[in-house]
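Values in this document were obtained by computation on a predicted structure and should not be read as measured data.
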Amino acid sequence: MTPKPLTLKYLLMMNDFIPKKIAPQAFSQKSQGYLPDEGLQKAVKVALALGQPLLLTGEPGCGKTQAAYWLAKALKGQPHFNSDQPLVFNAKTSSVATDLLYTYDALAHFHAAHLKEPHKDLAARDFITLNALGQAIALTNPTDRTRAYWPKNKTLVQGSHVVLIDEIDKAPRDFPNDLLDVMERFAFDIKETNETLKKDPEKPVVVVLTSNSEKGLPDAFLRRCIFYHLPFPEKPDLQEIAKVHFNEKVPPALLDYFLALREKARLKKPSTSELLGWLEALRLEELWGGAAATLEKELLAPYLGVLLKNQDDLARAKRS
């Protein structure tokens, strides 16, 4: 069954709770200074309207991961959304679909049953922990039964959540296809206990996936996603991003210099996140003034390693 889309009344609120610009203090530390462009805001609205996952691509460091943190912050306070933090799953080359839902520590169960407490009947549920998407499903419909699976060392907020599946293209090709049924039904079986956990049909779960396009994703999976490619920001947008991040205007000469370096880089172009790190290093060294205004390259050269990550690009930049 396809998840129930949000109501029209709920969607009409989108223009109010997803502003074009949000003050830095409104964000958690990880998403501080994030400015979603108009295209991303529209893609979010469509994903919410259709009840489909949002797939974000773009250069590494362009803000794909931070977009999920921004969205969780923006959704907090809307019906059923009580948390401003996404539930995060970082995909790996060894990931399987069940890893996103739950983990069963069979070794710990065996060890406890046969070595520590051989005379005690230990239930499998005591060794099962819900992971990001499993937590999101359970938190929409919490019961004493589902609480038994909640992580013991983590405080979970009941209600609807944003789930971030980061760098899904790192996972094996079967991984996204195996998620299709779960993301359409928002229900899954825990085979070790013969139990099924289901989402409350009235409470949405918002899934955001990121990909660096290291390898293609299956067509069947892509058909069920809302896709948006985050473009690299233009100079005025970079100025706005930096201004929000540092609470002051960045010397334009530094942005021009950065864009020139980016144009010349052949092996790896510096990202937005690397730009912010470079600007922060220059600001801490009080080089936003004279060095920035006159582009004294001998003063800026020691900090090029923040932007350029291979010797050929570094050498090319120092010669120019």
Side-chain angles (χ1 to χ4, degrees), residues 5 11 14-15 18-22 27 30-75 86 88-91 95 162-173 175-177 179-180 183 206-242 244-245 255 258-259 261-263 265-277 307 309:
L11 290 167
M14 293 293 291
N15 288 328
I18 302 187
K20 291 184 178 179
K21 297 178 183 179
I22 303 176
F27 288 93
K30 191 160 188 175
S31 62
Q32 183 175 4
Y34 190 81
L35 297 179
D37 63 24
E38 185 176 355
L40 175 58
Q41 295 179 57
K42 289 181 177 178
V44 165
K45 294 178 184 181
V46 172
L48 290 175
L50 300 181
Q52 291 182 297
L54 175 64
L55 173 62
L56 301 177
T57 64
E59 296 181 21
C62 71
K64 300 183 297 295
T65 298
Q66 287 83 354
Y69 284 82
W70 156 75
L71 181 55
K73 178 71 71 173
L75 283 170
V88 180
F89 178 82
N90 295 297
S95 295
V162 173
V163 177
L164 168 62
I165 305 176
D166 211 15
E167 298 187 332
I168 190 173
D169 52 322
K170 282 187 175 179
R173 187 171 178 81
F175 180 86
N177 278 339
L179 292 180
L180 292 178
M183 290 196 298
V206 179
V207 179
V208 177
L209 309 109
T210 73
S211 170
N212 289 324
S213 301
E214 293 180 0
K215 60 184 178 184
L217 296 171
D219 289 345
F221 177 78
L222 292 173
R223 284 197 299 269
R224 290 163 172 83
C225 295
I226 304 303
F227 172 80
Y228 184 68
H229 181 81
L230 288 172
F232 191 81
E234 301 287 343
K235 181 181 175 182
D237 299 319
L238 288 176
Q239 182 64 260
E240 284 296 313
I241 292 169
V244 168
H245 191 84
L255 294 181
F258 165 78
L259 290 171
L261 289 176
R262 180 177 161 81
E263 185 67 26
R266 295 179 183 175
L267 298 178
K268 181 189 176 303
K269 293 185 180 297
S271 66
T272 308
S273 61
E274 289 164 325
L275 166 65
L276 295 176
L307 296 173
K309 304 302 171 65

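For K268, the NZ atom is densely surrounded, since the number of other residues' heavy atoms within 6.0 Å is greater than 12.
Distance alone, capped at 3.5 Å, is enough to place a donor-acceptor pair between the D169 side chain and the S213 backbone. Between the K269 side chain and the A265 main chain, a donor and an acceptor come within less than 3.5 Å of each other.
Here the shortest heavy-atom pairing between L276 and A242 reads CD2-CA, 4.1 Å. In terms of heavy atoms, Y228 sits closest to A43 at CB-CB, 3.8 Å. Residue P172 comes nearest to S95 through the heavy atom pair CD-O, 3.2 Å, listed as atom of the first residue, atom of the second, then distance.
A salt bridge (charged side-chain N to carboxylate O under 4.0 Å, His left out) check over residues 50-69, counting only residues at least two apart or in different chains, returns the pairs E59-R262. The salt bridge (charged side-chain N to carboxylate O under 4.0 Å, His left out) pairs that include a residue from residues 217-227 are E184-R224, where partners are two or more places apart or lie in different chains.
Residues T57 and L230 fail the side-chain proximity criterion, which asks for heavy atoms closer than 4.5 Å. Taking the side chain as every heavy atom from C-beta outward, I165 and L179 approach each other to under 4.5 Å. Between C225 and L54, every side-chain heavy-atom pair lies at or beyond the 4.5 Å cut-off. Residues P176 and P218 have side chains in contact (heavy-atom distance under 4.5 Å, counting atoms from C-beta outward). Contact annotation: the side chain of V163 never approaches that of V208 to less than 4.5 Å [non-hydrogen atoms, C-beta and beyond]. Residues F258 and L307 form a side-chain contact, since some pair of their non-hydrogen atoms from C-beta on lies under 4.5 Å apart. At least one side-chain heavy atom of P233 sits under 4.5 Å from a side-chain heavy atom of T272. Within the 4.5 Å cutoff, side-chain heavy atoms of L209 are placed close to those of F221.
Comment: K309 engages E274 in a salt bridge, judged by a side-chain N to carboxylate O separation of less than 4.0 angstrom.
One distance of note links CG of L71 with CG of L40; it measures 8.0 Å at 0.5 Å rounding. A distance of 12.0 Å separates CG of N212 from CD1 of I168, quoted to the nearest 0.5 Å. In this structure, CG on L255 lies 6.5 Å from NZ on K235, to the nearest 0.5 angstrom. Summarising the geometry, atom CG belonging to L55 is positioned 6.5 Å from atom CZ belonging to F227; distances are rounded to the nearest 0.5 Å. Interatomic distance, CZ of F232 versus CG of L259, reported as 6.5 Å (0.5 Å rounding). Note that the CD atom of Q66 and the OG atom of S273 stand 7.0 Å from one another [nearest 0.5 Å].
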(Q) Test side-chain hydrogen bond (donor to acceptor under 3.5 Å, both in side chains) on N90 and E167; report intermediate values, then the result. (A) CA-CA 7 Å; N90 295 297; E167 298 187 332; over 6 Å; no

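Each of V206, T210, L56 was compared with L164 under the side-chain contact (heavy atoms from CB on, under 4.5 Å) criterion, and only T210 meets it.
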